Amino acid sequence: MESKKARLDRFISIKTGINRRDVKQLLAQKRVFINGQPATTANQVIDQFTQIECDGKSLQNNKPIYIMMNKPVGVISATKDDQHKTVLDLLQPLYPNVHIAGRLDLNSSGLLLLTNHGEWSRNLTSPNKKVNKVYKVTLEKPLTKEYAEVFAKGMFFPYENITTLPAQLEIISEHVAEVTLKEGRYHQIKRMFGRFRNPVLKLHRVSIGALALDESLKPGESRELTVQEVQSLNH
Ligand code: URA
């Protein structure tokens, strides 16, 4: 759901057909409630999650939804697909209006966030916001110290004409690295290791910002975020 900001009087007028002057009267008579409190200002800015009631009748009552999933390998990060099962097919209960906040490739696994709150997901995925995404990567060939230097410098991707933001690479064992990105370019990690001709065998996202994947979620399982977890991702 897009973040739709609007003036309160305009919103009520469109929803009810009452003209804006008469809406002001409704406010003065304390017949409009915003999130359970009488509304006082006609030009107050509301968004898609502001609860609005007029004369006891709900005009808007959307709830923000924030979900974490342990995405399994072989399921596609899309809302619809003709060939593969999608992450939305795995969601129980069904949440019809959610979208994915930062995709993972078909063969990648781990922390995937879904929400109906467009502004929230944009804040997490925009390269300008520089939110850390941490991945555990298993490689076909042994790693060397040179990898970390090249990742930290940034890599030029001629197709998009961009240089990747400095990324951190920590060698965990001969074939396993922990990579921290502040952006999510198309197949970014696979392409970065591709420069070393070192194929990625496994790619698992362990965290986004302050939020780590709940280890009790089995592949394919999901749960709603707690209020604290949602707040930990707000800047
Ligand atoms: N980089 C990739 O190549 N794939 C992902 O799924 C995530 C980051």
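All ligand and atom numbering here is 1-based and tracks the order in the structure. Just so we're clear, the structure is a prediction, and the values are computed from it rather than from any experiment.
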Practice problem: Under 4.5 Å between side-chain heavy atoms, chaining through other members, with only Ile, Leu, Val, Met, Phe, Trp and Tyr counted: pull out the rest of the cluster around Phe156, sorted by chain and number. | Solution: none
Quiz item: Is it the case that Asn61 and Gln51 place a side-chain donor and acceptor less than 3.5 Å from each other?
Solution: yes
Quiz item: Which protein residues have a heavy atom closer than 4.0 Å to any atom of ligand 1, listed by chain and number?
Solution: Leu104, Asp105, Ser108, Tyr135, His187, Gln188, Ile189, Lys190, Leu203
Quiz item: Strictly by modelled atom types, are Asn132 and Lys182 linked by a side-chain donor-acceptor pair under 3.5 Å?
Solution: yes
Quiz item: With a 3.5 Å cut-off and no angle check, do the side chains of Tyr95 and Glu224 form a donor-acceptor pair?
Solution: yes
Quiz item: What pairs of residues pass the salt bridge (charged side-chain N to carboxylate O under 4.0 Å, His left out) test when at least one of them lies in residues 8-18, not counting sequence neighbours?
Solution: Arg7-Asp9, Asp9-Arg20
Self-check item: Sequence neighbours excluded - ring pair (Phe, Tyr, Trp, His ring centres under 6.0 Å) pairs with any residue from residues 195-227
Solution: Tyr147-Phe196
